[in-house]
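A note on names: the letters A, B, ... follow the listed sequences, proteins ahead of strands, and every chain is numbered from 1. The model shown is predicted, which means the values in this text are computed figures rather than measured ones.
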There are 4 protein chains.
Amino acid sequence: MQRTQRTLGRPRKEQDGISTKDLILHTATGMFLEKGYPSVSMDDVAQKCDFTKATVYYYYKTKADLFTDAMVQLMIRIKQRIIDILSTNASLETQLFQIAKAHIQATVDIDINAFMKEAKTSLSDDQLQLMKEAEDNMYGALEQAIKKAMDKGEIPQSNPRLGALMFVSMLTAGNNLDNAYKETFSSLDDLVTQIVNLFWNGLANENQSSL
Amino acid sequence: MQRTQRTLGRPRKEQDGISTKDLILHTATGMFLEKGYPSVSMDDVAQKCDFTKATVYYYYKTKADLFTDAMVQLMIRIKQRIIDILSTNASLETQLFQIAKAHIQATVDIDINAFMKEAKTSLSDDQLQLMKEAEDNMYGALEQAIKKAMDKGEIPQSNPRLGALMFVSMLTAGNNLDNAYKETFSSLDDLVTQIVNLFWNGLANENQSSL
Amino acid sequence: MQRTQRTLGRPRKEQDGISTKDLILHTATGMFLEKGYPSVSMDDVAQKCDFTKATVYYYYKTKADLFTDAMVQLMIRIKQRIIDILSTNASLETQLFQIAKAHIQATVDIDINAFMKEAKTSLSDDQLQLMKEAEDNMYGALEQAIKKAMDKGEIPQSNPRLGALMFVSMLTAGNNLDNAYKETFSSLDDLVTQIVNLFWNGLANENQSSL
Amino acid sequence: MQRTQRTLGRPRKEQDGISTKDLILHTATGMFLEKGYPSVSMDDVAQKCDFTKATVYYYYKTKADLFTDAMVQLMIRIKQRIIDILSTNASLETQLFQIAKAHIQATVDIDINAFMKEAKTSLSDDQLQLMKEAEDNMYGALEQAIKKAMDKGEIPQSNPRLGALMFVSMLTAGNNLDNAYKETFSSLDDLVTQIVNLFWNGLANENQSSL
DNA sequence: TATGAATGAGTTTTCATTCAT
DNA sequence: AATGAATGAAAACTCATTCAT
């Protein structure tokens with residue numbers, strides 16, 4: 001008659017409560033983001049985790065698997081962050097500002113497109129599919145928020161998906177800014193504000209296009 | 001006054017008027033753009049040119065040298081194309097549209113930031129410097145055109161460099177669009193128009209920011 | 001008190017009690033001695049051991065590392081042999097004869113100076129330092145024995161280190177003797193005796209130098 | 001009717017009176033001595049001469065040819081220097097001192113044995129033969145001088161060739177001395193004197209060998 | 001006489017991956 | 001769960017050599 005859910009026997013080694021697999025995944029994510037897929041070797045990841053290559057292979061059958069999982073999990077986390085911000089009552093503009101700030105504060109930068117290009121030759125179709133779905137979901141949240149604002153009349157009707165894509169592309173560019181140039185901004189908030197303003201109001205601030 | 005009448009050494013092939021070195025450079029440029037720095041081997045380049053690795057090394061001492069030259073020359077060409085368009089009498093908005101169209105029509109796409117990240121560990125400081133300068137020049141032309149429009153009162157004053165950077169980032173994102181999604185646009189012009197409009201008019205089309 | 005009862009990982013082959021690493025080191029030592037540093041490739045070593053290049057790299061990170069270890073270990077072994085002989089009660093002359101014989105009987109021959117010259121451009125400062133120390137130790141034992149004999153009055157006072165160096169240089173030269181010439185000696189002992197005599201008594205066999 | 005030996009027409013380009021072939025040979029000699037056969041590339045030689053590889057090949061069919069010629073000519077020059085010194089009226093000991101000093105003053109060092117070992121695999125039998133002969137000649141002069149001194153009763157009878165070989169080996173060792181150690185001698189003359197003394201009088205300075 | 005172009009065969013090194021314990 | 005051993009394939013780079021002018 002078992003009373004507790006607590007598993008019996010000595011609990012498995014989980015230093016700081018993080019499992020080996022998670023540690024590997026987390027470490028790999030950071031390294032992939034920093035250097036790109038081909039420039040990170042399984043040994044690099046293993047060494048940074050203080051494990052051996054073989055241990056990494058114990059958890060991930062191939063490097064492509066590790067990469068796919070790393071990217072998918074990352075995109076899920078980002079999507080969740082976006083959703084959290086979008087679920088508040090603030091105006092869309094305010095929310096976009098919050099998203100932008102969170103994105104730029106995170107040292108990590110997901111230039112998904114660049115990653116895809118690099119890894120394309122190494123990933124299986126299934127893996128590419130997985131990543132594409134995660135990417136879709138990630139942009140999807142933003143896209144729907146924009147769509148809702150359009151439907152509510154908050155902003156004029158246009159292509160909401162394109163808006164979402166362009167917004168993220170601008171954030172990525174903001175993240176990759178040359179350090180020397182970055183320092184010409186008085187603060188991070190200042191940079192973020194200018195980017196969001198550019199996205200929100202455009203360069204011209206007028207209604208009519210002369211085209 | 002010395003005349004070196006007869007050229008020394010074996011003459012270059014010059015088939016179709018294109019020298020071996022140019023062929024290598026051109027081929028390499030395309031491959032780097034398509035797959036990224038680490039994924040293109042010197043042998044890959046050589047084979048595509050129908051030469052041997054050693055021939056590539058005859059013209060470029062290292063892979064990093066080849067890459068640097070490829071990117072710098074590319075950015076020079078792009079800068080020139082931008083300058084050509086900007087030197088017409090058309091309005092800036094029209095010019096931006098032309099630039100965007102030229103950029104997206106070119107199969108090549110330079111996601112400079114992504115390349116820099118990939119190659120950073122492999123390039124020497126000198127090489128990085130060369131690329132940064134070429135990049136600066138490339139954006140510089142656009143930046144000055146925006147600045148001039150601001151000074152003329154054509155558009156409101158804001159950060160012209162950030163505008164230039166964001167514009168190119170949007171074009172790059174447009175270029176990397178998922179094919180399936182790309183096909184939802186009625187034409188290339190349609191896609192380009194929407195991107196330029198978004199940049200020019202912003203999402204909100206209003207003057208006041210609520211932040 | 002942690003007992004690592006079961007050894008982790010795949011166990012080494014240990015055929016004939018010699019570990020893979022030792023086999024590689026031993027093989028490499030012989031090849032370096034025979035052909036010199038630049039003329040021995042990592043693949044050469046691997047093939048002679050019936051392993052792959054990658055296995056050699058598994059144990060030695062670089063060729064320079066392998067070379068350094070090979071030479072240092074060799075010099076340590078030679079030093080030990082010299083010390084063993086010098087620790088007997090025999091007269092120094094007899095001991096020198098024994099050392100000379102052992103040196104010449106060993107098929108291996110270390111022309112340390114020549115090796116240093118060849119490898120100098122390839123070795124790191126640390127590696128050169130390691131080799132220099134091992135070399136110093138090797139000569140040191142001989143030097144001290146000569147010094148002791150001088151202090152005891154067995155031989156006249158002079159520069160003991162120079163004596164040690166010259167002795168080894170003569171042995172090396174003896175080892176490298178042209179085979180045709182070597183055969184003009186009635187026996188190995190004869191050759192060794194003549195060399196040691198030359199070193200011990202000099203060419204002139206007289207006390208006064210006319211210089 | 002030609003009166004003068006002076007060749008007619010424009011004299012061939014001989015900068016500083018040294019022909020291209022001689023310049024190449026001379027340069028190559030120095031580089032081979034400094035770095036050893038395998039570590040010197042034909043390109044290295046060419047660049048140091050400010051010519052192209054192809055020019056070197058114009059004068060020397062193969063690298064082995066260049067090396068053989070370089071070494072043979074060098075040994076001929078050394079032999080001549082030895083003969084010059086030995087043809088004076090000075091005592092053999094004095095002459096050996098002069099030879100030793102000349103040898104050690106020359107920055108170049110011919111560790112012929114080491115070179116032979118390195119190059120053995122690359123040289124043809126003919127080339128090895130050529131070098132062996134030059135080497136024989138080089139040692140031969142010294143050998144004969146020693147033999148003559150023995151016949152004159154100046155020094156006791158022993159193996160003159162072995163003496164010659166050992167003498168040169170000691171000089172080579174003296175040349176390769178660690179710089180730090182070299183500086184412990186008050187002057188070059190001091191070092192040379194000690195080496196020649198050791199060779200001439202031996203370590204023991206006594207007539208009887210206890211063996 | 002001298003040279004620029006081109007190459008084949010190698011060299012050092014890296015790395016994803018497998019295997020046996 | 002984790003690891004040490006071993007490898008095949010490829011990458012960057014080198015170099016002696018040939019060829020055509």
A.B. asks: Measure the distance from CG on B:Asp50 to C1' on E:dA5 and round it to the nearest whole Å.
C.D. replies: 16 Å
A.B. asks: Has the side chain of B:Lys63 got a donor or acceptor atom that lies under 3.5 Å from a matching backbone atom of B:Tyr37?
C.D. replies: yes
A.B. asks: Hey, does A:Tyr60 reach any base, or is it just sugar-phosphate, or nothing, if we go heavy atoms under 4.0 Å?
C.D. replies: nothing
A.B. asks: What heavy-atom pair brings C:Gln127 and C:Ala64 nearest, and what distance separates the two atoms?
C.D. replies: OE1-CB, 3.5 Å
A.B. asks: Just how far, in rounded Å, is C1' of E:dC15 from CG of A:Leu66?
C.D. replies: 14 Å
A.B. asks: It should be established whether B:Thr52 places a side-chain nitrogen or oxygen under 4.0 Å from OP1 or OP2 of nucleotide E:dT7.
C.D. replies: yes
A.B. asks: Using the closest heavy atom to pick a nucleotide of DNA chain E for each, name whichever of C:Met42 or B:Lys21 lands nearer the 5' end.
C.D. replies: B:Lys21
A.B. asks: A:Tyr57 OH to F:dT7 P: how many Å, rounded?
C.D. replies: 17 Å
A.B. asks: Can you tell me the distance, in whole Å, between the CZ atom of C:Phe67 and the C1' atom of E:dT13?
C.D. replies: 19 Å
A.B. asks: When you measure from the side chain of A:Thr27 to the backbone N and O of A:Leu23, does any donor-acceptor pair fall under 3.5 Å?
C.D. replies: yes
A.B. asks: When you match C:Tyr58 and D:Val40 each to their closest nucleotide on DNA chain F, which lands nearer the 5' end?
C.D. replies: C:Tyr58
A.B. asks: With the side chain of C:Ser41 defined as its heavy atoms from C-beta on, choose the nearest nucleotide among F:dA2, E:dT18, E:dT11.
C.D. replies: E:dT11
A.B. asks: Please check: side-chain N/O of C:Gln73 versus main-chain N/O of C:Ala70, any donor-acceptor pairing under 3.5 Å?
C.D. replies: no
A.B. asks: Between E:dT1 and D:Thr20, is there an OP1 or OP2 to side-chain N/O distance shorter than 4.0 Å?
C.D. replies: no
A.B. asks: Could you pick out which residue, D:Thr62 or B:Pro38, lies toward the 5' side of DNA chain F when each is mapped onto its nearest nucleotide?
C.D. replies: B:Pro38
A.B. asks: If you check the A:Lys63 side chain, which of F:dA6, F:dG8, E:dA16 turns out closest?
C.D. replies: E:dA16
A.B. asks: Between P on E:dA6 and CG on D:Asp43, what's the gap in Å once rounded to a whole number?
C.D. replies: 17 Å
A.B. asks: Looking at F:dT21, which nucleotide sits across from it as a Watson-Crick or G-U wobble partner, both distances under 3.5 angstrom, or is there none?
C.D. replies: E:dA2
A.B. asks: Round to a whole Å and report the spacing from CZ of C:Phe51 to C1' of F:dG8.
C.D. replies: 16 Å
A.B. asks: Which nucleotide, E:dT7, E:dT14, E:dG4, lies nearest any side-chain atom of C:Ala54?
C.D. replies: E:dT14
A.B. asks: Under 4.0 Å from OP1 or OP2 of F:dA6: is there any side-chain N or O of C:Tyr59 that close?
C.D. replies: yes
A.B. asks: Using purine N1 to pyrimidine N3 plus N6-O4 or O6-N4 for Watson-Crick, or N1-O2 and O6-N3 for G-U wobble, each under 3.5 Å, what pairs with F:dC15?
C.D. replies: E:dG8
A.B. asks: Regarding E:dT13, can its base be found pairing with the side chain of C:Lys53 as donor and acceptor, where the two atoms are less than 3.5 Å apart?
C.D. replies: yes
A.B. asks: Nearest whole angstrom, please: distance from the P of F:dA2 to the CG of A:Leu23.
C.D. replies: 10 Å
A.B. asks: Set out, in order, the CA-CA distance, both residues' side-chain angles and the distance that settles side chain to side chain donor-acceptor pair (under 3.5 Å) for B:Ser41 and B:Asp44, then state yes or no.
C.D. replies: CA-CA 5 Å; B:Ser41 79; B:Asp44 289 343; 3.3 Å; yes
